[in-house]
Each structure stands twice: as structure tokens, then as C-alpha cells.
Participant: 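A single structure is presented below for examination.
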Protein chains: 2
Amino acid sequence: MTLTIENAWLPGQGLIRMQVEAGRIVAMGADLLPPPDGERLDAQGMAIVPGFVNGHSHAAMTLFRGFGDDMPLMEWLQTRIWPAEARLSEEDVYWGTRLACLEMIRSGTLYFEDMYWHFHGMARAVEASGIRAGLGAVLIDVAGEEQARQCQYQAEKLCEEAKGYSDRVRFTLTPHAIYTVSGSSLRWVGDFAARHDLVVHIHLSETLHEVEQCVQAHGLRPAFYLDRLGLLHPNILLAHGVHLDAAELDLIARQGATIVTNPVSNMKLAVGGVFPYRQAADRQIPIALGTDGAASNNTLDMFQNMKLFSLLQKHADQDPTVLPAEEAWAIATGCRAPIFGQSGRLAVGEKADFILLRHTLPEVTPTHHLISNTVYAATGHVVDTVVVDGRVLMHNRHVEAEEEICHEVRVRAKRLCAS
Amino acid sequence: MTLTIENAWLPGQGLIRMQVEAGRIVAMGADLLPPPDGERLDAQGMAIVPGFVNGHSHAAMTLFRGFGDDMPLMEWLQTRIWPAEARLSEEDVYWGTRLACLEMIRSGTLYFEDMYWHFHGMARAVEASGIRAGLGAVLIDVAGEEQARQCQYQAEKLCEEAKGYSDRVRFTLTPHAIYTVSGSSLRWVGDFAARHDLVVHIHLSETLHEVEQCVQAHGLRPAFYLDRLGLLHPNILLAHGVHLDAAELDLIARQGATIVTNPVSNMKLAVGGVFPYRQAADRQIPIALGTDGAASNNTLDMFQNMKLFSLLQKHADQDPTVLPAEEAWAIATGCRAPIFGQSGRLAVGEKADFILLRHTLPEVTPTHHLISNTVYAATGHVVDTVVVDGRVLMHNRHVEAEEEICHEVRVRAKRLCAS
């Protein structure tokens with residue numbers, strides 16, 4: 001089946017026609033002749049650009065959006081989130097993830113890297129939604145060896161079962177953090193991931209407390225500890241990295257790991273620091289941007305997260321020239337983190353993953369600079385159309401099953417959060 | 001002419017009917033009988049809440065949105081903004097302000113306090129748009145006494161001419177700052193404002209440089225200097241207040257002045273500090289929230305500014321409990337700054353100024369907490385309907401003349417910013 005996008009404005013090139021087949025861009029250009037048949041979509045002059053990569057999320061936590069803000073972290077977890085999470089079924093996770101996918105589609109995110117429970121709930125939601133995701137088997141063994149064995153058994157099982165999904169679902173391992181997963185389990189993660197060529201996705205250096213605890217327990221700062229366990233390599237995603245010091249950044253650069261910064265969540269939870277972006281970028285460390293879960297953000301709209309990422313870095317460095325719009329845009333679209341497999345380029349042979357922007361809305365008028373407007377002035381509602389894998393997931397801001405998803409989440413959220 | 005709002009959800013009370021006459025709420029309640037005639041608007045269960053007060057803006061700078069980001073402040077002003085501003089006509093300011101009003105209506109702002117050139121351009125735009133604004137006569141006399149006399153003459157003239165506009169336009173005096181207006185002109189401002197009962201709106205303590213310069217020139221920090229000139233009183237708005245110290249906050253509290261914080265602009269321009277919110281709030285200082293101009297923000301959407309205000313304070317204080325959602329909402333709707341004359345209350349006898357929120361959109365689902373969603377999850381596009389002075393300015397997201405305004409701004413922005 002051919003999809004042809006007509007009258008799309010490719011920044012720097014003008015109006016083009018683009019032809020998509022079997023999930024790939026097969027032709028594009030101003031002079032391209034219209035194909036005789038297939039689906040057609042008139043972009044009406046809208047800007048065609050790559051979509052966002054959300055590098056760190058807990059998608060199903062949309063169920064807990066606004067359920068306890070403005071609280072100290074531990075009180076929030078202990079009195080709100082953990083009791084509610086204890087009641088979660090796979091079906092709850094399915095619907096929570098559906099809502100997250102819906103929200104991400106509506107704001108132009110095409111790929112997200114998730115960490116949450118109930119893999120099949122997440123995977124079915126991603127399949128139904130049509131976007132791409134890295135979804136993992138969680139590992140936590142604070143309860144001891146029996147829990148460790150169960151998590152490992154579960155991970156092995158899911159690794160097999162995940163093969164039943166489309167290639168839009170990438171199976172990963174998601175050990176929660178160095179303070180909730182034992183050293184021996186982390187070693188197991190490293191071995192298993194290497195054997196099966198899996199991405200590993202872990203929280204690292206989010207709070208000072210975590211750093212101090214690590215130094216006390218292991219005599220090493222978190223990045224060095226991970227490295228000793230054999231886990232610092234090009235196939236690992238480190239979420240947060242707020243409190244990494246210079247030596248850790250040097251090590252991470254050498255080992256080729258990717259850092260995912262989550263500035264909105266970090267500010268909202270007041271983790272007491274700012275990801276050292278310039279120091280990481282100077283070392284050529286691959287960097288991505290994430291939202292974290294909706295419970296601590298409370299939006300999955302990458303526009304807002306991208307802008308705040310840039311503002312926070314300018315503020316922290318007391319320098320308005322830090323992290324300019326083009327750089328923030330490149331990072332938010334995954335161009336600085338090859339681990340996600342999204343090129344961020346619209347070119348023949350690339351995946352047919354892109355969005356159309358209503359770049360003439362009042363909020364983004366005038367267009368002195370499209371990327372400036374996209375980073376500093378736009379929000380998700382400028383996205384008109386979303387195409388992933390050559391399939392139109394949203395057009396004219398309409399996404400299938402929106403009402404049903406919101407209704408299901410409302411009912412489930414009420415039950416889960418009842419006191 | 002009567003306007004009746006049907007099926008509006010008043011948080012805490014349920015579905016109500018509200019009746020509006022001559023710009024005031026005249027009746028409201030669940031049991032209110034429908035009036036026999038007049039205009040009707042079905043809210044279809046949407047939440048009815050007060051709208052935003054934007055306490056500090058340079059509305060017409062929408063013309064320069066995205067025209068030079070990520071630059072050092074002085075280079076940006078000297079090479080981009082000032083040359084472009086030198087070409088501005090009253091008609092340019094009219095259309096730039098029209099776009100700002102359009103953007104504000106589309107994101108639920110009902111009142112803004114502006115500082116810019118060409119009073120009549122601004123005032124005509126506000127009249128045509130239907131919202132409310134405080135609009136001033138600018139005073140700057142860096143060029144010397146002749147400029148001072150001209151500004152004063154102009155202010156006197158405009159004070160008379162402003163009486164020709166509706167009461168949605170409030171005439172103010174807007175001396176730019178203590179480093180661009182001489183002491184004698186500031187004294188004149190104080191006298192003239194007192195004589196005519198005018199609000200004075202001035203930048204204060206935005207950068208450290210300003211503070212140092214003031215101490216050097218006058219031997220006093222900015223708030224004390226303003227006080228010595230007789231300008232610190234309940235009728236003055238101090239925009240920014242980033243670098244106020246404890247003694248200045250004590251003084252401001254005693255004198256009853258209002259501070260307008262502009263966190264997004266402050267971060268984007270990297271002014272090197274954070275407005276000391278908690279210290280100001282502890283002293284019961286009236287506080288409002290502003291966007292600053294679109295050129296340094298680059299959005300007039302108060303939702304985004306409100307969220308970032310809360311996040312920045314949590315981050316700066318390293319405390320997630322600071323500036324909780326309800327408090328941010330109260331400030332953003334003008335409830336903590338009586339100087340704006342907006343009560344922020346929906347009650348019989350109050351002004352018929354309110355908005356309807358699409359609180360069931362995916363981005364704000366589920367509704368564990370309406371105000372949390374409004375502060376942390378929503379953006380301007382959740383606003384469906386805007387009513388000011390009993391007149392419907394937007395319904396179903398439609399605002400009159402949108403296309404024409406965007407077109408005019410595009411043409412003018414291109415001319416103004418041509419190199």
C-alpha cells in the first residue's frame with residue numbers, strides 16, 4: 001500500500017511530495033510525479049519534520065496524573081503511588097499505556113522508552129496505538145534472592161514472548177536502579193542483555209541520596225559502580241544523571257553509554273541539581289530527553305519538556321546561549337542518541353516516521369525561525385498529523401478510540417486511587 | 001442583553017446555570033430557571049473557572065517572536081530588537097497587540113498589564129479584541145531633559161485621550177526602569193500618578209547589573225531608591241524582582257507594592273537568579289505572574305508560565321512542597337494582586353469574566369485533581385470558551401479575525417526584521 005503526502009513544506013526545501021511504501025520513504029521531492037493509486041494525504045503546506053523520541057517514561061502512570069503533587073518524594077511514594085500501584089492489573093497497565101500513547105501521538109512523539117510493570121499490557125497498548133517503544137522486563141530484588149530469581153525467570157520468559165509482537169516493540173531489560181537491584185542481579189542483567197543483544201534501561205544518579213548511598217555501600221560513585229558490574233556500554237540508557245561528576249562523565253563518554261535527562265520531573269521533585277548538559281555534550285556523550293512518568297511531570301508533551309530543558313540549562317549556567325533551539329530540537333528528536341534507532345532524518349530509505357506541524361497557528365506566528373517557534377513557542381497542539389511506520393495515526397488531530405481510552409482510564413483511575 | 005451559560009461544571013458545586021447581564025454575573029446555581037430569552041451557550045459540562053491575569057507583557061513584541069534567541073542580552077537588543085523597534089509604526093503595534101490578544105484569548109488570559117510604545121495602537125487592539133488591559137505611556141529619558149519633557153507631555157496628553165476608550169482599557173504610567181529614567185522623571189511620575197490615581201508599572205531588579213549600578217549611582221539598592229523617590233506604594237507594579245534582598249522585601253511589604261514575577265523570561269535570558277517567592281509570600285507581598293514579551297519567552301500562554309513558576313521555585317528551594325498547584329493557580333488568576341481589580345471569583349455581582357475548560361481532553365485525564373491538571377498538565381489548548389465583560393470572545397476555540405491578524409503580522413514582521 002502506497003501513502004503519498006502532498007504539499008508538505010520541508011524546511012529549507014519548500015513544498016514537496018513524499019511517497020511511502022512498506023514503512024519506508026521511497027521517494028520525495030518537489031518534482032515527484034503523483035503515483036497512480038494508493039492513499040493520499042494533503043498536508044496543505046504544513047511543515048513536515050521528524051517526531052519526538054521520549055527517552056524515559058513510565059507510560060501507564062497516566063493513571064496517577066495529579067494523584068498527589070507537591071509532596072515530599074518518599075511520602076508521595078509511600079502514601080499515594082505504591083498503594084495504588086499494588087492494585088494494578090495488566091489491563092490497567094494496558095489502558096494507562098493506551099492513554100500515554102494517545103497523549104504522545106497528540107503531541108508528536110513517535111517512539112518512547114518505557115519502564116513499567118506488566119510487559120504484555122504495555123506491548124498490547126503499543127501495538128494497538130501504532131507507535132514505537134522500547135518496553136522492558138522490570139528487575140527489582142529488594143525483597144531478596146527469591147524476588148531476584150522470579151524477576152530473572154520473568155525476563156527470560158518475556159524475552160521469548162516478546163518475539164510475538166511487531167518490530168515496533170523492542171524488548172529491553174529495565175533494572176530499576178542500583179539501590180533497588182542487587183549487584184548479582186545487575187551482573188545477570190549485563191550477561192543476559194549481552195547474550196540477547198538487548199538495551200538496558202536504568203535510573204542512575206537521580207538524587208544525591210542515591211550517590212551517597214552508593215559511595216557508602218560500594219566505595220564508588222554510581223557510574224563507576226555500574227562499570228564495575230560490566231553494565232556501562234553503548235547498549236545502556238542511564239535515566240536522569242543529575243548528580244554525575246566529571247570523572248563519571250569521562251567514564252560514560254569512554255564507554256559510550258547514553259544519558260536521558262528528565263528536566264521537568266527533576267524540577268518538580270526537586271532532586272537538588274541539574275543534569276550537567278554542557279559537560280556531557282563537550283564529551284560527545286549521546287544524550288536524549290525524557291518526560292519521566294505523568295505522575296511526576298505531569299505531561300508527556302515533549303514540546304514542553306524540550307523548552308524547559310533548554311531554559312533550565314541556560315538558567316543553571318547563567319548563559320542564554322547554552323543549548324540553543326536547534327540543539328534542543330536535535331536532542332528531543334533522538335538525533336543525539338543512536339541507541340533509539342531513529343535517524344531524525346527525512347530522506348529516501350529512512351523509516352516513514354514523521355509529523356506535520358500547523359506552523360501558521362497564532363501561537364507560532366510569525367515564522368522568523370521555524371525551529372525557534374517549535375522549541376520555544378509551540379505546544380503539542382500544533383501537531384496535526386502523525387505517521388509512524390508509514391501508517392497515519394493522527395490526521396486533523398483525530399486519533400481513533402480517544403473517547404474509549406479516556407473513559408476506561410477514568411474508571412480505572414478512580415478504583416486504583418480510592419482510599 | 002442577557003447571556004446564559006448552561007451546563008457549566010463549577011468545581012466543588014457541580015453543574016450550574018449562570019446568567020450574565022451588563023457585564024456582571026447576576027445569578028448562578030444548580031436550580032436557576034432558564035431565562036425566557038437572550039443568548040445561550042451550552043458549556044456541555046466543561047469546567048467554568050476564572051481566567052488568567054498576565055501581570056507583565058510587551059504585547060506587540062509578538063512581531064519579534066523567534067527573532068534572535070539564544071543570544072547574550074545586549075547583543076540581542078543591539079543587533080536585533082532595537083533596530084527592528086526603531087521601524088515600528090502605530091499600525092504595527094496595533095497588529096502585534098492584536099496577535100498577542102488573540103494568543104491570550106486562545107489560552108485563557110482575560111487581562112494583561114502591558115508596557116510598550118504607541119498607546120493608541122495598543123488601546124485600539126484591546127478594544128477590538130474585547131479583553132482587558134492596563135496600557136501605559138512609556139517614559140525613558142536616557143537622551144536627556146528634552147526627551148524627559150517630551151515623555152511627560154505625551155503622558156499628560158494620553159491621560160486625557162485615554163478617556164475615549166471603554167473601561168476595559170485602564171491608563172497607566174510605564175516608566176521603563178530606574179536605569180533608563182532619571183530620578184527627576186521618576187519623581188514626576190510619582191506626582192502625576194498620585195494626582196490622577198494611576199497605576200505605575202516599572203521593571204525592577206531584573207539583573208544583578210541593575211542592582212550594582214543602582215548601588216553605585218545612588219548608594220541604595222533598587223527598592224530603597226524607588227522608595228526615596230516616593231514611588232513605592234500600593235499603586236505600583238514591580239516587574240521581575242529577581243534580585244531583591246530581605247531588607248527590600250521588608251520595605252516592599254510595608255509599602256504595599258505588587259511584584260510581578262516572569263520566570264520563563266528570566267530563565268531564557270539567564271538573569272542569574274530566581275525571584276525569592278517564599279520570602280515574598282511570607283511577608284504577604286501581593287504577587288502576580290507575567291509572561292514578559294513574546295520575544296523573550298516566546299509564548300503568552302499563562303498555563304506554561306504558571307507551571308514553570310511552580311517548578312522553578314521548587315527547584316530553587318530544593319523542596320517539592322513549595323508553591324503547590326492551588327497557590328500557583330491563585331497567583332496566575334490574579335487572586336494575590338488586588339491592584340488588577342480582578343477578583344478571581346465567580347459569584348453574583350462579580351465581573352462576567354471567565355473561561356470554560358475542556359477538562360476531559362486526554363492530556364488532562366483522569367481528573368484526580370482539576371487544579372493539579374490545570375497547573376501541571378494543561379496548556380492553552382484546553383480552553384474552549386472565553387467570556388470577558390459578559391461577551392463571548394471565543395467559543396469552540398473560534399476567535400474572530402484570526403486569519404486576518406496572522407496575515408497582517410506576517411507581512412509586518414517580515415518588513416520590520418528585514419536586514
Side-chain angles (χ1 to χ4, degrees), chain A residues 62-67 69-73 76 99 102-103 106-107 264 266-270 272 294 297-299 301 304 307-308 310-312 314-315 317-325 360 362-369 372-373 376-377 379-381 402 405-406 409-410 413-414 417, chain B residues 62-67 69-73 76 99 102-103 106-107 264 266-270 272 294 297-299 301 304 307-308 310-312 314-315 317-325 360 362-369 372-373 376-377 379-381 402 405-406 409-410 413-414 417:
Chain A
T62 51
L63 288 159
F64 310 128
R65 190 202 312 274
F67 181 58
D69 303 293
D70 311 313
M71 294 169 77
L73 181 64
W76 174 62
L99 178 61
L102 172 59
E103 193 185 345
R106 282 170 57 91
S107 50
V264 174
N266 293 161
M267 288 180 82
K268 185 154 184 281
L269 297 177
N297 185 311
N298 299 352
T299 173
D301 180 340
Q304 186 179 107
K307 176 173 181 177
L308 197 130
S310 172
L311 295 188
L312 181 58
K314 293 177 200 310
H315 170 70
D317 280 5
Q318 299 197 16
D319 180 351
T321 70
V322 169
L323 196 37
T360 59
E363 292 78 11
V364 285
T365 293
T367 312
H368 288 300
H369 192 314
S372 161
N373 280 353
Y376 296 127
T379 61
H381 83 289
E402 191 174 301
I405 295 167
C406 290
V409 167
R410 260 176 231 123
K414 205 166 182 176
C417 301
Chain B
T62 51
L63 289 158
F64 310 128
R65 190 199 317 271
F67 181 57
D69 303 292
D70 311 314
M71 295 169 76
L73 181 64
W76 174 63
L99 178 60
L102 172 58
E103 192 184 345
R106 281 170 58 90
S107 51
V264 174
N266 293 162
M267 288 180 83
K268 185 155 183 281
L269 297 176
N297 186 308
N298 301 347
T299 174
D301 181 339
Q304 186 179 107
K307 177 173 180 176
L308 198 130
S310 172
L311 295 189
L312 181 58
K314 293 178 200 310
H315 170 71
D317 280 6
Q318 299 195 17
D319 180 351
T321 70
V322 169
L323 195 36
T360 59
E363 293 77 12
V364 285
T365 293
T367 312
H368 288 299
H369 191 314
S372 161
N373 280 353
Y376 295 127
T379 60
H381 83 289
E402 191 176 301
I405 294 167
C406 290
V409 166
R410 262 177 229 123
K414 206 165 181 177
C417 301

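A, B, ... follow the sequence lines: proteins, then strands. Residue 1 opens every chain. We use all heavy atoms of the structure for the numbers below, so side chains are in, but hydrogens, waters and symmetry mates are not.
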Participant: So for Asn373(B), is it side chain, backbone, both, or neither that comes closer than 4.5 Å to the heavy atoms of chain A?
Facilitator: side chain
Participant: Out of curiosity, Leu311(B) CG to Leu269(A) CG, how far, rounded to the nearest 0.5 Å?
Facilitator: 9.5 Å
Participant: Highest number of heavy-atom pairs under 4.5 Å with chain B: which of Pro362(A), Ala377(A), Cys406(A), Ala413(A)?
Facilitator: Pro362(A)
Participant: If you count heavy-atom pairs under 4.5 Å with chain B, which of Phe67(A), Phe64(A), Trp76(A) comes out on top?
Facilitator: Phe67(A)
Participant: Given that the side chain runs from C-beta out, which part of Thr321(B) has a heavy atom under 4.5 Å from chain A: side chain, backbone, both or neither?
Facilitator: both
Participant: Looking at Asp70(B), Thr299(B), Asn297(B), Val264(B), which one forms a side-chain contact (heavy atoms from CB on, under 4.5 Å) with Tyr376(A)?
Facilitator: Asp70(B)
Participant: Which atom names give the shortest non-hydrogen contact between Gly66(A) and Ser372(B), and what distance separates them?
Facilitator: CA-OG, 3.3 Å
Participant: Quick one: of Lys307(B), Glu103(B), Gln304(B), who has the most non-hydrogen atom pairs under 4.5 Å with chain A?
Facilitator: Lys307(B)
Participant: With chain B as the partner, which of His381(A), Glu363(A), Lys414(A) has the greatest number of non-hydrogen pairs under 4.5 Å?
Facilitator: Glu363(A)
Participant: Any chance you could measure Met267(A), atom CE, to Ser310(B), atom OG, to the nearest 0.5 Å?
Facilitator: 9.0 Å
Participant: Where the side chain of Arg410(A) meets the backbone of Thr365(B), is there a donor-acceptor pair that is under 3.5 Å apart?
Facilitator: no
Participant: Under a 4.5 Å heavy-atom cut-off, does chain B meet the side chain of Glu402(A), its backbone, both or neither?
Facilitator: side chain
Participant: Under 4.5 Å heavy-atom distance to chain B, tell me which part of Asp69(A) shows up: side chain, backbone, both or neither.
Facilitator: side chain
Participant: Of the backbone (N, CA, C, O) and the side chain (C-beta and beyond), which part of Leu99(B) lies under 4.5 Å from a heavy atom of chain A, both, or neither?
Facilitator: side chain
Participant: At a heavy-atom separation under 4.5 Å, does Thr360(A) approach chain B through its side chain, its backbone, both, or neither?
Facilitator: both
Participant: Side chain from CB out, backbone as N, CA, C, O: work out which of these in Leu312(B) comes under 4.5 Å of a heavy atom of chain A, or both, or neither.
Facilitator: both
Participant: When heavy-atom pairs shorter than 4.5 Å are enumerated against chain B, which of Met71(A), His369(A), Lys314(A) gives the highest number?
Facilitator: Lys314(A)
Participant: Chain A: which of Pro320(B), Ala270(B), Pro72(B) shares the most heavy-atom pairs with it under 4.5 Å?
Facilitator: Pro320(B)
